[in-house]
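Working notes, structure below.
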Amino acid sequence: MEKISVVVSCYNEEKALPLFYEEMERVRKQDFENIVDFEYIFVNDGSKDKTLEIIKQLREKDSKVRYVSFSRNFGKEAAMLAGLEASRGDYVTLMDADLQDPPALLKEMYNAIINEGYDSVGTRRVTRKGEPPIRSFFARMFYKIINKMSSIEMVDGARDYRLMKRKVVDAIISLKEYNRYSKGLFSFVGFDTKWIEYENVERVAGETKWSFWKLFKYALEGITAFSTTPLILSSILGLIFCLVAFFSIIFIIARTLINGDPTPGWPSLVCIIVFVSGIQLFSMGIIGQYLSKTYLEVKKRPIYIIKEIEE
Ligand code: UDP
Ligand code: MG
């Protein structure tokens, strides 16, 4: 029989994990019994609560459960990569531990691959109900901006929840970059992808690990990882200001020749200096962003470090 690997990244999910396992098992028994085998790969991303103990308990009673445990918190991207690398199934699905990615959709996703010939099936939520409006607003803006800037398409509302064939998984694993932005990586590798839409579900227990600041940094990650447009933008800004300065000089010389030098004008001078140095610092910041990413890539540090692994 073929096998589906369910990869679940967990960071402080002691409350949600038992509920997740229960629901996932229910769906498996109902929709997949005697059709495909399952394995569960829980990646403990350096949790500070009892998450690892709960995973071990699940492992005791269910031999389908395997786990990887990190030496510290490396972030969800690293956890997903570790899970994909540990997976052995013919199909792999990535899920959150908080049941925001409903296991009940798996059957439809599986059918799309088996019967409709897709290589991978992604999910996107069409509503953002239950999310702070300000967060939704910035999320929308982010997708607008990044899709203008990058040649890789990022689908608004796309989740990391997806089911993939082995060859798609292998393609993702072969991308060894340190600054990982999965939504971009999935688009980058291509393959035929079907999108399934669903209404946002709120997490069953525990709380979100993504503060506004963390999301903001993640958004910058996405832009710098998949677009070099900001670099071009800062060059264009520089060029525009050179032109403005050039014409100003001509204007001032002409005016001095015609009217003589009237002297006043230092407040406006201060404004101009402050404005232009602002632009300069901004552009240097953009270049710095890319430089720092390059710096981290060049170091070739491991993306995660495993403390414990159970086969
Ligand atoms: N997660 C993780 N490492 C982290 C942060 C989150 O593995 O550093 C996991 C978390 O346990 C959950 C998933 O990523 O299974 C999504 O996190 P969360 O539900 O907090 O994010 P949200 O759904 O609010 O965007
Ligand atoms: Mg969640």
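Just so it is clear, the values below take in all heavy atoms, side chains as well, and ignore hydrogens, waters and symmetry mates. Just follow the structure's listing: the first ligand is 1, and inside any ligand the first atom is 1. As the structure is a prediction and not an experimental result, all values here were calculated from the model.
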Original post:
Is it the case that Arg59 places NZ or CZ above or below the six-membered ring of Tyr67, under 6.0 angstrom from the centre and within 45 degrees of the axis?
Top reply: no

Subject >> Phe275 and Phe241 aromatic centres sub-6.0 Å >> reply: yes

Original post:
Quick check: are there more than 12 heavy atoms from other residues, nucleotides or ligands sitting under 6.0 Å from CD of Glu197?
Top reply: yes

**OP:** Only counting residues at least two apart or in another chain, list the ones meeting salt bridge (charged side-chain N to carboxylate O under 4.0 Å, His left out) with Asp49.
**Re:** none

Subject >> Derivation of the side-chain hydrogen bond (donor to acceptor under 3.5 Å, both in side chains) call for Gln100 and Tyr161 >> reply: CA-CA 9 Å; Gln100 276 191 301; Tyr161 182 26; over 6 Å; no

Original post:
Which protein atoms of type N, O or S are found under 2.8 Å from the Mg ion (ligand 2)?
Top reply: Asp98 OD2, Gln100 OE1

Subject >> Name of the residue among Asp90, Leu84, Val92 meeting side chain to side chain contact (heavy atoms under 4.5 Å, CB included) with Ser5 >> reply: Val92

Original post:
Any idea how Phe226 and Phe188 line up, ring-wise: parallel (<30°), tilted (30 to 60°), or perpendicular (>60°)?
Top reply: tilted

**OP:** Establish, for the pair Lys300 and Tyr178, whether the NZ or CZ atom is under 6.0 angstrom from the six-membered ring centre and no further than 45 degrees off its axis.
**Re:** no

Pairwise, report which nitrogen or oxygen atoms of ligand 1 are under 3.5 angstrom from protein nitrogen or oxygen atoms, and how far apart they are.
unit_1: ligand 1; atom_1: 3 (N); unit_2: Asp45; atom_2: OD2; d: 2.6
unit_1: ligand 1; atom_1: 8 (O); unit_2: Asp45; atom_2: OD2; d: 3.4
unit_1: ligand 1; atom_1: 8 (O); unit_2: Asn73; atom_2: ND2; d: 3.2
unit_1: ligand 1; atom_1: 11 (O); unit_2: Ser9; atom_2: O; d: 3.4
unit_1: ligand 1; atom_1: 11 (O); unit_2: Tyr11; atom_2: N; d: 2.9
unit_1: ligand 1; atom_1: 11 (O); unit_2: Glu13; atom_2: OE2; d: 2.6
unit_1: ligand 1; atom_1: 15 (O); unit_2: Ser9; atom_2: O; d: 2.8
unit_1: ligand 1; atom_1: 15 (O); unit_2: Ala97; atom_2: N; d: 2.9
unit_1: ligand 1; atom_1: 19 (O); unit_2: Asp98; atom_2: OD2; d: 2.6
unit_1: ligand 1; atom_1: 19 (O); unit_2: Arg203; atom_2: NH2; d: 2.7
unit_1: ligand 1; atom_1: 20 (O); unit_2: Arg203; atom_2: NH2; d: 3.2
unit_1: ligand 1; atom_1: 20 (O); unit_2: Lys209; atom_2: N; d: 2.7
unit_1: ligand 1; atom_1: 21 (O); unit_2: Trp210; atom_2: NE1; d: 3.3
unit_1: ligand 1; atom_1: 23 (O); unit_2: Gln100; atom_2: OE1; d: 2.5
unit_1: ligand 1; atom_1: 24 (O); unit_2: Thr208; atom_2: OG1; d: 2.6
unit_1: ligand 1; atom_1: 25 (O); unit_2: Arg135; atom_2: NH2; d: 3.4

**OP:** Report the residues that fulfil salt bridge (charged side-chain N to carboxylate O under 4.0 Å, His left out) with Asp119, sequence neighbours left out, ordered by chain and then residue number.
**Re:** Lys165, Lys167

